[in-house]
Amino acid sequence: MRYTQELGKILNKTEIAKGTFDVTLHSPEIANIAVAGQFVNILCDGFTLRRPISLCGFDSKKGILRIVFEIRGKGTEWLSRLQVGDNMDIIGPLGHGFSLIDSSKKAVIVGGGVGTPPLLPVAQFYRENATVITGFRNASAAILQGDFEKAGAKTILCTDDGSAGIHGFTTQALEQYLNENECDIIYTCGPKVMMRSVARLAENHGITCQVSMEERMGCGVGACLCCVCPTKDGKGKHLTRVCVNGPVFSSTEVDWDA
Amino acid sequence: MPDMSVKICGISFKNPVIAASGTFGFGMEYSEFYPISRLGGISCKGTTLVERMGNPTPRIVETSCGILNSVGLQNPGVGRFLSSYLPRLKKQDIVVIANIAGNSVEDYCEMAERLKDSQVDMIELNISCPNVKQGGVNFGVLPESVAEVTAQVKKRSDKPLMVKLTPNVTSIGDIAKAAEGAGADALSLINTLTGMRIDIKSRRPVLRNNTGGLSGRAIFPVALRMVREVYKCVKIPVVGMGGISSWEDAAEMMIAGANAVQVGTANFHDPFACVKIIEGLGSYTDSLGLKSITELTGTLSEW
Ligand SMILES: Cc1cc2nc3c(=O)[nH]c(=O)nc-3n(C[C@H](O)[C@H](O)[C@H](O)COP(=O)(O)OP(=O)(O)OC[C@H]3O[C@@H](n4cnc5c(N)ncnc54)[C@H](O)[C@@H]3O)c2cc1C
Ligand SMILES: Cc1cc2nc3c(=O)[nH]c(=O)nc-3n(C[C@H](O)[C@H](O)[C@H](O)COP(=O)(O)O)c2cc1C
Ligand code: FES
């Protein structure tokens, strides 16, 4: 049995930016087998569909999971009202996560907005060999910078309005970084337009790149084919399930022009 | 414990709960939660002669108490269904129903031929597909085309044939009678109801396909009424579905006249939905003092 349903008791909840919540859950079975880049599907009372949220952290010894989510609509709004001591009904760990190659390699990690949380475990793997470039609307929306630094990674913060860090997009910072530094592998999660540019830059520099895709989901386990994303390989073009074959794909597998 | 097994056109199911087509893949995904041999049966994802890519995304949107989907029959084609999916599924002790679809009567017939010597236990004919020859109108909406496709497939098939009715019709009773008259061994209903959602910011439909099929709890009362209507019109067994999310819903469906039920969208909400429904139905049947769950079917006394 690869999947578990657990009632994860909320141990901690902090609003780390306006409308963005950092939650730790007691969920020993899922925490025991989770890997970076996987997600859980969370039940929201009164809604038919569960909400997919990436794992920002997991600790098999303590049996805890960490998720960071932003209020985007009614489901996440409901989730944000849960309090410490309440249970979250979750299924997981779901999906195919990031491949973590060799922690002595130089990794560049590019996150946009709430695409950033699943990248924290990647930074914790590469530690001082990781450079984390993240982009947010403004200074007050910037999250997890302290966590990345604690992992030993270098951070480059970008904001759309220049209220903190570099005034500009992550892709501009990435381009500059790649021109001046060594890099063996790139990991990215965020808005599709951003990931597409990251994938292009990686390809131009001949660097392998892993992207974490997002799509609307039904079952979250591969049974309904609602969550497909266009991919390509030697055999042609396909529509591939994000919830099982992804969310993490190789950037060259994704058919960005479809 | 009461006897939970049911028999539908000669096929024995260990209990009356079947996973609904399109919501349960080819069974393997949910077997990562529990042994799917606990189910009565599984109706596989709608399969066509050749592989289909399906529609572009978004393919799903939530609605009040339900969802709309526009997957568009993405499937590996009957060849790969037979060579790779079916053998794995048949290792489980579970009734396997092949859900077949096509754009012409010939497509359906060829599908039936391909399944002839296979290990498939039963065929479910998905007639909510556009009939290319008749200007794209669904097979399922006209009694004549329902009768035609049912009769032709029946001639070319050696498997029990269950015809799955679409609710997007004026008189479901007439359609049911047409299928029965043409030789259907059982009927299943309902498929999804056509619906739509609009993004008011972009003023575009949320689904890339513009419209989609409504399923989930929202459609349960409609499904129940239609199952009742069909039960009263035909003598062949009826498999009821549409919005069943609890054992109480399943019990209502059987009281209305269903010999078995299918559960679809509820699996997305609770991956253990089918198992909980089986357990709940068992206790309920027991509490009524019935020896067999089959005694529940059609026991409604109308006012
Ligand atoms: C694999 C994966 C991992 C994710 N990880 C995170 C995370 O770590 N933190 C975070 O804040 N968000 C994450 N998201 C996005 C998150 O799932 C959506 O923001 C959330 O589902 C919105 O639900 P809602 O009810 O608030 O919004 P509504 O717009 O009311 O939702 C309506 C429906 O659309 C779906 N939906 C809406 N937006 C999205 C979206 N962007 N992606 C997928 N489905 C969507 C909802 O699940 C729901 O079914 C992730 C999405 C995916 C696919
Ligand atoms: C995502 C999805 C895919 C479906 N695919 C099929 C299909 O391939 N063939 C078919 O006959 N019905 C298909 N259906 C319809 C279901 O089998 C069922 O008739 C309908 O969803 C109503 O039941 P429910 O409310 O329990 O889901 C699909 C439904 C959903 C939600
Ligand atoms: S969400 Fe059902 S297949 Fe991915």
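So that the names make sense, note that chain A is the first sequence line, chain B the second, and so on, each numbered from 1. Note that the structure is a prediction, hence the values are computed from the model and not measured.
- A 6.0 Å sphere centred on CZ of A:R81 holds more than 12 heavy atoms belonging to other residues, nucleotides or ligands.
- Using a 4.5 Å cut-off between heavy atoms, A:L49 contacts chain B through both its backbone and its side chain.
- The CZ atom of A:R216 sits 14.0 Å away from the CG atom of B:N69 when rounded to the nearest 0.5 Å.
- Only the backbone of B:N55 comes within less than 4.5 Å of a heavy atom of chain A; no side-chain atom from C-beta onward does.
- Heavy-atom contacts from other residues, nucleotides or ligands closer than 6.0 Å to CD of A:E77 number more than 12.
- By the 4.5 Å heavy-atom criterion applied to side chains, B:F272 and A:Q5 are counted as neighbours.
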Inset, instruction - Please step through side-chain contact (heavy atoms from CB on, under 4.5 Å) for the pair B:T23 and A:C219, ending with a clear verdict. - result: CA-CA 8 Å; B:T23 64; A:C219 66; over 6 Å; no

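- For B:F24, the part sitting under 4.5 Å from any heavy atom of chain A is the backbone (N, CA, C, O) and nothing else.
- Open room surrounds CZ on B:R217; 12 or fewer heavy atoms of other groups in view lie less than 6.0 Å from it.
- Taking each heavy atom of A:C226 and B:T57 in turn, the nearest pair found is O-CG2, 4.1 Å.
- When each of B:E32, B:M28, B:K45 is scored by its heavy-atom pairs under 4.5 Å with chain A, the top score falls to B:E32.
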Inset, instruction - Decide yes or no on side-chain contact (heavy atoms from CB on, under 4.5 Å) for A:L225 and B:R59, but give the supporting numbers first. - result: CA-CA 9 Å; A:L225 300 170; B:R59 289 178 170 184; 4.1 Å; yes

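- A 6.0 Å sphere centred on CZ of A:F169 holds no more than 12 heavy atoms belonging to other residues, nucleotides or ligands.
- Between the B:Q74 side chain and the A:L239 main chain, a donor and an acceptor come within less than 3.5 Å of each other.
- Ion pairing between A:R241 and B:E29 holds under the 4.0 Å rule for side-chain N and carboxylate O.
- Within the 4.5 Å cutoff, the side chain of B:I60 has no heavy atoms near those of the A:M217 side chain.
- For B:F26, no part sits under 4.5 Å from any heavy atom of chain A, backbone or side chain.
- A pairwise comparison of heavy atoms in A:I91 and B:P271 identifies CG2-CG, 3.7 Å as the closest pair.
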Legend entry - side-chain contact (heavy atoms from CB on, under 4.5 Å) assessment of B:M53 paired with A:V228: CA-CA 10 Å; B:M53 290 273 272; A:V228 296; over 6 Å; no

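- In plain terms, the two heavy atoms of B:F33 and A:V221 that are nearest each other are CE1-CG1, 3.8 Å.
- The environment of A:K232 atom NZ is dense: over 12 non-hydrogen atoms of other residues, nucleotides or ligands sit within 6.0 angstrom.
- Interface remark: B:S31 contributes backbone atoms only to the contact with chain A (heavy atom separation under 4.5 Å).
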Inset, instruction - Show your reasoning for whether side-chain contact (heavy atoms from CB on, under 4.5 Å) applies to A:F47 and B:E62. - result: CA-CA 8 Å; A:F47 297 90; B:E62 203 169 43; 3.5 Å; yes

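- The neighbour count for B:R208 CZ, taken as heavy atoms of other residues, nucleotides or ligands under 6.0 Å away, does not exceed 12.
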